[in-house]
Amino acid sequence: MADLKKKRMLTDKIFKVIFLIFISLGLVVLAALIYDIVSKGMVMLDWEFFTRFDSRFPEKAGIKAGLFGTIYVIGLMIPITFFVGTATAIYLEEYAPKNKLTDLIKLNIANLAGIPSIIYGMLGLGVFVRYLNMGRSVLAGALTLSLLVLPVVIVSAQEALKSVPDSLRNASYALGANHWHTVYKVVLPSALPSILTGFILAISRAIGETAPLIMMGALTFVMFTPQGIMDSFTVIPIQIFNWTSLPKVEFELVAASGSLLLLILLFILNGLATFIRYKYSRK
Amino acid sequence: MSNQKVLEIKNVDFFYDDFQALENITMDVEKNKVTALIGPSGCGKSTFLRTINRMNDLIEGARLEGDILFDGESIYQENVDVVNLRKRIGMVFQQPNPFPKSIFENVAYGPKIHGVTDKAELEEIVVESLKGAALYDEVKDRLDTSALSLSGGQQQRLCIARALAVKPEVLLMDEPASALDPVATAKIEDLIEELKDNYSIVIVTHSMQQAARVSDLTGFFLMGELVEYDKTNKIFENPADQRTEDYITGRFG
Ligand SMILES: Nc1ncnc2c1ncn2[C@@H]1O[C@H](COP(=O)(O)OP(=O)(O)OP(=O)(O)O)[C@@H](O)[C@H]1O
Ligand SMILES: [Mg+2]
């Protein structure tokens, strides 16, 4: 007995140490990366960096075009994804008949979440840019990114809806509420914090995406900000990608400044998601 | 006038797919009386209760034969408005299930979905319902706080207030005190005594003492059948069926 207990405790300790090593490994790499980006990124970072367009000279290069492009594309993408994603999840979880076809659709949506993003870029190029004649516009970019994150948004919203206990639905029905009232007034409000959390994390993924937008033909060197949704554009990660591929070494510092900006944006979004989750889980 | 029927259950059979959960149930529920349903676990008490406000409609594969009359009219006809039926026959569940909203919003939910929009009127209904459920004094200073901050017993009374707010005629209660301590249980029982004046109450309970304390009539269920249904003191003092006697004397179940 005592022997067994000792053995168990030993295994326990060994695994603890192993896990600790792996975790610290991850943290060290992360810290090194962040330190690298921050230290290099701070060199060229000033207010002008945000107000200048790109340039052939590193000291004159700015992120304005990418920043505005990102704001436009993501700003347009947010309402599209939120409404389509949430509505789809509501339909699948609350309205769709429970049969094989529904199961098949759910399974396929979950699978779509695993498709490489560049495939979505090709789809965007084929469907939005060429077939629907939208050109390489903000709209085409926003729609492409929407397609990319929709599976993730739908699946996380489905999970959020599923986690609303049936006892709440029953309480609502027993008061004489109809289906829509129950969904709209009880289920949705209860699920909203989780839906939003999943949604924000999906958006922050979209902000960092480069491949699908390059694929669908977003520009790399842009000297203007988009004025409408049919204008062409570039985004922050594409600018970073472009700077890193330029021969002049100083561009590495410019790229680091861009990365720093991207990093800060992502921190803010993740912080927001954490805040929402924390605020509502305490209740 | 004293023995007016509010519900007439007529030869009700109930099935979950192939499984028959209720067999040929026939009973009358009297107006402004408390009717208790007792019986061992799994004998179909909750199932029976849910046939009365058609909550079983929500369960896939569920099927009912026979008929139930409410105020003399069948509730299982094609043209019955289930929303209106559930408005007139309220339900309190075994586990307190307040919405994750404020106390006020919980009680106001029913009236709101049934079209009350006037703020003053809503407020009046909420206060009246909370008083009706003997909860008002405990929560009157914090109607805006989350219902989830209440204790279990308070939550259950909130659920009763929420049911009262739509002004039902019948109140179905499925073991409303099963999750509560003796003090909270006593409060709920006192409340039932008071509510009886204005509502007809059907209450499922596991506790025979509770049935004896609160009810006027008692029905004993066993394996989907209504074995005996009579005045409460008759059931507890002089049951007609041997199985009832065995159950209330604790010989099985
Ligand atoms: N949704 C359902 N689907 C299939 N069978 C069910 C369902 N709900 C209940 N049953 C079955 O019907 C029978 C009666 O269940 P019911 O919940 O009505 O019993 P009960 O008397 O309320 O029991 P308890 O006292 O434990 O609450 C049980 O055998 C149960 O397994
Ligand atoms: Mg039950």
Side-chain angles (χ1 to χ4, degrees), chain A residues 86 89-106 157-198 275-283, chain B residues 46 49-50 52-61 81-102 105-115 129 145-149 155 158-168 170-174 179:
Chain A
T86 314
I90 288 177
Y91 175 75
L92 288 174
E93 288 306 319
E94 306 288 330
Y95 284 91
K98 293 194 174 31
N99 57 27
K100 289 254 157 59
L101 180 66
T102 310
D103 286 346
L104 189 74
I105 292 174
K106 285 184 187 174
Q158 276 180 286
E159 290 305 320
L161 292 170
K162 263 193 267 181
S163 70
V164 176
D166 270 339
S167 64
L168 292 184
R169 292 184 179 84
N170 286 337
S172 173
Y173 286 123
L175 289 165
N178 57 27
H179 198 158
W180 172 241
H181 264 136
T182 303
V183 169
Y184 185 65
K185 294 266 173 69
V186 174
V187 177
L188 205 52
S190 307
L192 202 58
S194 314
I195 293 180
L196 278 180
T197 309
F275 172 75
I276 291 174
R277 196 167 35 197
Y278 172 75
K279 185 166 172 218
Y280 286 93
S281 67
R282 265 189 325 171
K283 273 205 198 153
Chain B
S46 299
L49 208 62
R50 287 196 302 264
I52 300 175
N53 63 346
R54 291 187 53 174
M55 281 297 277
N56 283 328
D57 288 17
L58 304 171
I59 299 172
E60 237 164 297
D81 178 3
V82 183
V83 163
N84 191 43
L85 175 75
R86 296 198 186 123
K87 203 178 139 189
R88 293 175 65 195
I89 303 183
M91 187 169 211
V92 177
F93 296 82
Q94 184 161 355
Q95 299 289 334
N97 54 356
F99 300 127
K101 303 170 186 277
S102 73
E105 286 301 326
N106 261 276
V107 184
Y109 180 81
K112 270 188 183 169
I113 57 172
H114 294 301
S129 306
T145 56
S146 167
L148 302 184
S149 66
Q155 287 188 7
L158 180 67
C159 292
I160 295 175
R162 185 175 65 185
L164 296 184
V166 293
K167 306 197 163 75
V170 178
L171 204 54
L172 308 174
M173 302 176 132
D174 193 349

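Convention: sequence-line order gives letters A, B, ...; per-chain numbering from 1.
Of the two parts of B:Lys112, neither the backbone nor the side chain holds a non-hydrogen atom closer than 4.5 Å to a non-hydrogen atom of chain A. Residue B:Arg50: no heavy atom, backbone or side chain, is found under 4.5 Å from chain A. Using a 4.5 Å cut-off between heavy atoms, B:Phe99 touches chain A through backbone and side chain atoms alike. No part of B:Pro168 comes within reach of chain A, as not one of its non-hydrogen atoms sits under 4.5 angstrom from that chain.
By the neighbour-count criterion of 12 heavy atoms within 6.0 Å, atom CZ of A:Phe275 is sparsely surrounded, having that number or fewer from other residues, nucleotides or ligands.
Residues of residues 166-182 of chain A having a heavy atom under 4.5 Å from any heavy atom of chain B, listed by number: A:Ser167, A:Leu168, A:Asn170, A:Ala171, A:Ser172, A:Tyr173, A:Ala174, A:Leu175, A:Gly176, A:Ala177, A:Asn178, A:His181, A:Thr182.
Distance check: B:Glu105 CD to A:Lys185 NZ gives 9.5 Å after rounding to the nearest 0.5 Å.
Ranked by heavy-atom pairs under 4.5 Å with chain A, the first of B:Leu172, B:Val166, B:Leu58, B:Val82 is B:Leu58.
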